[in-house]
Structure formats: C-alpha cells, structure tokens
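Note sheet for the following structure.
It should be emphasised that the depicted structure is a prediction, and the values quoted were computed from it without experimental measurement.
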Amino acid sequence: MELKRVVVTGLGALTPIGKTVAEYWHGLSNGVSGAAPITRFNAGKFKTQFACEIKGYNPEDYFEKKEGRKMDYFTQFALIASNEAIADSGILENVNRDRVGVIWGSGIGGLKTFQDESIQFGLGDGTPRYNPFFIPKMIADSSSGNISIKYGFRGPNFVTTSACASSSDSIVAALNYIRLGMADVVVTGGSEAAITESGIGGFNALKAMSERNDDPLTASRPYDKDRDGFVLGEGAGALVLESYEHAKARGAKIYAEVIGGGLSSDAYHITAPDPNGEGVVLVMQNALRDAGITPDQVDYINTHGTSTPLGDGAEVTAIQKVFGEHAYNLNISSTKSMTGHLLGGAGGVEAVAAILAIQNGIVPPTINHFTDDENIDPRLNFTFNEAQKREVNIALSNTFGFGGHNTSVIFKKFAE
Amino acid sequence: MSEIAEKVRAIIIDKLGVEESEVTPEASFTNDLGADSLDTVELIMEFEKEFNVSIPDDQAENIATVGQAISYLEEHAK
C-alpha cells in the first residue's frame with residue numbers, strides 16, 4: 001500500500017506572544033518574551049510568581065457567555081486556534097465532512113475545572129453538588145470533541161496525552177491517519193491551560209520551574225549557564241493537515257509537507273531525562289528514517305529546550321550523536337525562550353514556528369542568552385538572541401514529556 | 001412578581017444566556033430557551049442551592065417550564 005503525501009494547508013496560533021499566527025510570528029522573529037507576573041490568581045505565596053499567560057485573555061471576546069462557561073480554557077484555546085487554522089485553509093468551502101478528523105493534544109485537560117470543582121466540594125458538608133458540566137469540561141478530549149461539534153467533522157476524533165509531547169503525538173497521529181487513507185483532512189495541534197494554583201504549585205514541587213521572580217522576562221533561558229527551570233506558558237497551536245491529492249484537487253495553498261514523525265520512550269524515570277539522551281537519539285533517528293532523509297539534509301531543529309539544567313544538556317548530547325559534524329551546520333533554537341512551555345500545547349505552537357521558519361527563510365531565536373554553559377559545545381549555533389536569515393528546506397521539531405515520551409516531527413518546504 | 005420568581009428568572013437568564021423578555025411563565029427550558037439535558041440538570045441544582053431545597057429526581061422531571069419552576073419553589077422553598 002502506498003502511503004499518501006501529507007501537506008499543511010492551514011495554521012492557527014493563540015500564544016503568550018501573539019493571539020494570531022501573524023502576531024505570533026511577529027513576536028518570534030523579533031525575540032519577544034511572553035513572561036510576566038501571574039494575573040490569574042494571587043501567587044504571592046508560590047515559589048514561582050510569573051508565567052507566560054495569554055495577555056488580556058477574555059473568553060467573551062471569542063465566545064458567547066453561555067458557550068464559554070461550559071468550556072475550560074484549554075478547550076477555548078483549542079477552538080480559537082482551530083478556528084484560525086480552518087479559516088486559513090479554506091477547507092469548509094467544499095469538503096466531505098465525514099472525511100475530516102480532529103486529533104488534538106493536551107497533557108492535562110481541564111486542570112482549573114478539576115481544581116475548582118474539588119475545592120467547592122471540600123468547602124461543603126460532604127453533600128455532592130457536582131456540576132453536570134464538570135466532567136465534560138475537564139476531560140482532555142472535550143477539545144477535539146468541541147471542534148468536531150462546531151464544524152460537523154465526523155472523521156476520526158481523539159486526543160493524545162503524553163505530557164509535553166502530547167501535541168507532537170497528535171500531529172504524528174494525524175500524519176499517519178492521512179497517510180493510510182483513513183481521513184482526507186485532520187485538524188491537529190494541541191492546547192494547555194495550566195496556569196492555576198495547582199499547576200504552578202505542582203510544578204514547583206517538582207523543582208522543574210524557574211524561580212527567577214526578580215526578572216521574569218529573562219527567566220526562560222535555554223542553554224544559558226544560569227538557566228534554572230522552565231517558565232509555564234499556555235495557549236494553542238493548530239494545523240490543518242491534508243493529503244496532497246486532496247489539497248491539490250481543491251487548489252489549496254500549501255505551507256509545507258509533513259514528511260515524517262518518530263516516537264520513542266526513555267524507559268528511564270517518570271520526570272528526569274535520561275542524561276545520555278538515548279531515547280532522544282532514538283526518536284530523532286526514527287523520525288529521519290520515517291521521513292526517508294539523512295541527517296545532513298536537516299537545516300533547523302526547533303528543540304524541546306525547556307531551560308531546565310538537565311533536559312537541555314541531554315537533548316544537545318543527543319543532537320550531536322545523531323547529527324555528528326553536521327550538527328555545526330544546523331540552526332538550533334528553543335522558541336520556549338519566548339513563549340514559555342505550553343506543555344501539551346508545545347508541539348502545536350512549535351510546529352507552527354518550524355513551518356513559518358520554512359516559509360519565511362528566518363529562524364526564530366533562542367532569546368535570553370547571557371552566559372555560555374561550558375558543558376555545551378560552543379560551535380553549535382543556537383540562534384542566540386536574534387533571528388537569523390536562513391533558507392530552511394527541512395525543519396525538525398522535538399518535544400519530550402514527563403513519563404519519558406519523545407516525539408519528533410519533520411517538515412519540508414513543499415515542492416511538487 | 002414574588003421574590004422567588006425574580007430569583008428564578010435571574011438564574012435562568014444567567015445560566016441559559018437568554019434575554020429577560022424570553023423568560024415567560026410558559027417558556028419551556030428545552031423547547032424555547034435552548035437548554036439541553038445538562039443545562040436542565042444544572043438549573044435544578046442552581047435552584048436547590050439558591051433556595052436551600054432538595055428536589056427529588058421524579059419531581060425535577062416535572063419542572064420543564066419557567067412557571068413550573070416558580071410554583072414548585074414557591075411551595076417548597078424554606
């Protein structure tokens with residue numbers, strides 16, 4: 001059976017540095033940091049008091065009050081980014097909606113919904129007064145479910161959950177479903193909304209987050225000697241993937257081709273990365289093989305690069321093992337330096353970044369670089385502090401999640 | 001209009017996102033005010049909370065319109 005080629009025909013983004021794809025790219029190419037003090041709740045007693053929130057987010061700008069209150073923020077974000085991607089793709093004009101799927105990614109689901117409902121129960125006398133919308137708001141798949149309900153897309157529909165690799169896994173699943181002919185079009189990507197008391201407190205307890213409260217703007221500093229953890233972000237990235245033949249038949253605009261995806265597991269520790277990066281070596285090798293390319297064909301790696309002391313080093317070690325001498329020719333960058341870490345939404349917004357780098361011939365930077373880390377090879381080009389012009393033919397996006405999940409996706413400039 | 005009726009109507013307007021003028025005594029939650037099965041459950045729960053009553057399921061099934069809700073609560077509210 002011959003696999004179908006899969007192309008990207010629509011993009012959507014709702015991020016801490018821009019609420020549309022155009023705004024997001026403006027932020028990425030200009031090295032804007034999305035970090036600021038937390039406004040969602042009083043974080044005065046928390047070790048970390050800042051995050052990358054979507055600035056000035058107001059559900060009523062996007063949803064009727066009745067509609068909005070039945071959706072957790074992570075589902076609202078999913079719909080907002082998907083709306084943009086679907087409109088951008090022009091897919092609604094004439095499509096068989098039975099052949100359109102939604103495969104979304106979320107690492108957690110409705111964390112705030114769960115938290116708030118549990119608090120309400122705890123404040124009571126033990127009488128259960130759970131709201132009927134509690135479960136449908138909370139479950140992670142309410143994102144893909146709501147997108148399909150809004151548009152009448154009756155193809156494959158589910159959510160992938162693999163912590164911070166969730167929305168790369170959704171993209172790889174979408175790629176494979178289309179390749180196999182199980183759908184013509186899939187709306188994919190991912191979203192997260194974990195900037196809540198339980199999200200910040202929980203990640204603080206893991207000692208995974210930056211505590212640089214005196215300087216939030218520069219706290220996310222992947223590969224810097226003084227990096228002290230990730231900065232929590234929120235939002236969504238959406239892609240419309242489509243078989244090439246379907247896109248061609250309707251004369252769609254094509255952003256890029258998705259040529260391969262790889263998955264692997266560290267099988268090492270539930271939160272710590274394998275310091276030798278063996279699972280990360282394996283995932284990039286799997287993706288390259290799936291794409292049918294050699295390492296020297298890759299121009300740009302959008303890394304997982306969360307700004308944690310252990311994780312950044314392990315990924316760099318793995319890149320050097322996989323790419324050898326060619327590693328020095330690569331542009332490498334972590335756009336989490338700007339957006340913060342969107343957890344299950346990371347793969348979505350970073351796929352959009354990688355595709356826009358191909359489109360624009362510009363690699364977005366790793367901002368907030370002050371001091372070289374002597375344990376990181378200085379000959380590698382991390383695109384520090386400023387975007388660089390570069391013809392990008394092939395870009396690889398890495399995401400890794402707690403649980404040891406690793407996923408890589410490879411995008412290529414489209415050619416007939 | 002009684003105080004109870006005012007509160008009932010306010011809850012319906014808030015939860016169902018409808019206009020005040022639509023909330024007539026005859027208006028059915030599902031047929032006229034756009035409520036689905038979950039909305040109806042939520043309305044009953046809100047009434048229970050607001051008026052400190054417990055509405056058994058078999059009685060909740062008979063509360064399908066604004067007027068039925070008001071008369072039930074006028075009778076049972078503490």
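Counting heavy-atom neighbours within 6.0 Å of A:Asn94 CG, excluding the residue itself, gives a total of 12 or less. Enclosure of atom CZ in A:Phe133 by more than 12 non-hydrogen atoms of other residues, nucleotides or ligands within 6.0 angstrom is indicated. By the neighbour-count criterion of 12 heavy atoms within 6.0 Å, atom CG of A:Asn58 is densely surrounded, having more than that number from other residues, nucleotides or ligands.
For A:Tyr130, the part lying under 4.5 angstrom from a heavy atom of chain B is the backbone only.
The two atoms that bring A:Pro136 and B:Leu38 nearest to each other are CG-CD1, 4.2 Å, heavy atoms only.
Here the rule is salt bridge (Lys or Arg N to Asp or Glu O under 4.0 Å) with B:Glu42, and of A:Arg69, A:Lys70, A:Lys137, A:Arg129 only A:Arg69 fits it.
In this structure, A:Lys66 NZ and B:Leu33 CG are separated by 9.0 Å, a value rounded to the nearest 0.5 Å. If you take NZ on B:Lys49 and CG on A:Asn131, they are separated by 8.0 Å, rounding to the nearest 0.5 Å.
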